[in-house]
Amino acid sequence: MQNFLVDSLIRKLWITESDVYRDHLLRLDRDSRHSRFGGGVSDEFIRDYVGATYRLNAVVHGFFVNGELRGAAELRPLGPALTREAEAALSIETPWQSHGVGSELLDRTLLAARNRGIKKLHMACLANNRRMQELARKFTAELSFDFGSVVGEVAAARPTPLSVLREIVADGHGFATAVLDVQSRMFRAA
Ligand SMILES: CC(C)(COP(=O)(O)OP(=O)(O)OC[C@H]1O[C@@H](n2cnc3c(N)ncnc32)[C@H](O)[C@@H]1OP(=O)(O)O)[C@@H](O)C(=O)NCCC(=O)NCCS
């Protein structure tokens, strides 16, 4: 059993946790940072970026291992509220990549987008980012996209009582539901 499985959970970040998010993004290695931001960016850029994330009321889901944020998915509103567009971006630190964490985080993000009436979801994804493209492909029922930059139409854009309930349940029981699934996938991958 891998030690990092102990005490892992997926939950939304609190408004007070901007430092936690910033430190996670600063820890990304060079390639992951490049993929996450669509190019090389400085530490200063990341600090400013996280400031904007919190000013814009973004929803950030985090993947925590032993209390440390190791992965995140950000849903950031774009333009005026009426346009109902948002940007989604994922970041998983290298040792935790390819264990199903990105899939769980994108699932949570799509649910949050749906419950906020988002109709169009932009994912800044470099054309050579195969893993992100594979990940997006798994959600073709909810997203249509073209490569280069992934622009997804969230299929069922209107929230339903069930989709709202799913988000509430995920918030309350994230550890018991999504993470157990992540862990079982991790066991298979180990
Ligand atoms: C891209 C990223 C978010 C994917 O998250 P992840 O947790 O590594 O991905 P998952 O394990 O959920 O895998 C998703 C799918 O990608 C594919 N995949 C996984 N590992 C792969 C690899 N090494 N090479 C190619 N495809 C791969 C698989 O199809 C997988 O689905 P499956 O396990 O059901 O077969 C993550 O790797 C990451 O943060 N990378 C750096 C930053 C980045 O690229 N962000 C995206 C910009 S928005």
Side-chain angles (χ1 to χ4, degrees), residues 2 4-5 8-13 20-43 45-46 49-50 52-53 56 58-65 68-78 85-113 118 120-154 170 174 177-190:
Q2 297 172 34
F4 66 73
L5 296 183
S8 63
L9 73 95
I10 288 176
R11 65 162 173 81
K12 282 182 187 146
L13 265 59
V20 172
Y21 186 37
R22 178 203 62 205
D23 292 346
H24 154 67
L25 291 175
L26 287 171
R27 273 195 302 273
L28 292 174
D29 63 24
R30 208 173 63 109
D31 286 351
S32 295
R33 187 187 282 206
H34 190 275
S35 299
R36 167 60 177 80
F37 290 99
V41 297
S42 66
D43 290 359
F45 175 92
I46 289 179
Y49 176 90
V50 170
T53 296
L56 289 167
V59 177
V60 183
H61 284 93
F63 170 70
F64 290 84
V65 181
E68 198 80 47
L69 184 65
R70 296 300 183 183
E74 177 175 336
L75 179 69
R76 181 191 271 230
L78 282 179
E85 294 193 22
E87 185 184 11
L90 281 81
S91 49
I92 319 286
E93 292 178 34
T94 304
W96 289 273
Q97 290 178 6
S98 297
H99 290 298
V101 178
S103 304
E104 289 294 340
L105 288 172
L106 184 56
D107 188 48
R108 296 286 192 99
T109 300
L110 289 178
L111 182 62
I118 303 294
K120 195 172 275 187
L121 201 57
H122 298 261
M123 298 188 75
C125 175
L126 295 173
N128 62 359
N129 192 342
R130 268 207 46 226
R131 199 174 322 173
M132 190 61 229
Q133 291 169 8
E134 289 300 322
L135 177 47
R137 217 176 254 128
K138 288 172 59 180
F139 291 86
T140 43
E142 292 162 83
L143 279 178
S144 63
F145 52 89
D146 59 26
F147 295 122
S149 68
V150 180
V151 178
E153 304 280 345
V154 181
T177 54
V179 175
L180 282 183
D181 185 42
V182 168
Q183 290 189 345
S184 66
R185 291 163 57 108
M186 285 176 158
F187 287 131
R188 268 188 276 128

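In each ligand, atom 1 is the first atom listed, and ligand 1 is the first ligand listed.
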Would you give the length of the straight line joining atom CD1 of I92 to atom CZ of F63, rounded to the nearest 0.5 angstrom?
7.5 Å

Report yes or no: do E74 and T53 form a side-chain donor-acceptor pair below 3.5 Å?
yes

Heavy atoms only, cut-off 4.0 Å: how does N129 contact ligand 1, side chain, backbone, both, or neither?
side chain

Have a look at V101, L90, L135 and point out the one with the heavy atom closest to atom 45 (N) of ligand 1.
L90

Do you know which two heavy atoms are closest between L13 and H61, and how far apart they sit?
CD1-C, 4.2 Å

Please report the closest heavy-atom contact between R76 and A58, naming both atoms and the distance.
CA-CB, 4.0 Å

Under a 4.0 angstrom heavy-atom cut-off, which atoms of ligand 1 come close to K138?
31 (O), 32 (P), 34 (O)

Which of the atoms of ligand 1 are close to G100, meaning less than 4.0 Å from one of its heavy atoms?
10 (P), 11 (O), 12 (O)

Salt-bridge present (R36, D31; N to O < 4.0 Å)
no

Backbone or side-chain N or O of S103 under 3.5 Å from ligand 1 N or O
yes

Carboxylate-amine/guanidinium contact R131 E134, below 4.0 Å
no

Examine I92 against ligand 1 and note whether any of their N/O atoms are separated by less than 3.5 Å.
yes

Out of R131, Q133, R137, E74, whose heavy atom is nearest to atom 22 (C) of ligand 1?
R131

Name the option, out of R36, Q97, M123, that contains the heavy atom nearest to atom 41 (C) of ligand 1.
Q97

Is it true that E68 and R27 make a salt bridge, defined as a side-chain N closer than 4.0 Å to a carboxylate O?
yes

Filtering G102, S91, G71, S98 for the heavy atom nearest atom 8 (O) of ligand 1 leaves S98

Atoms of ligand 1 under 4.0 Å from any heavy atom of H99, numbered from 1 in the order shown, are 11 (O)

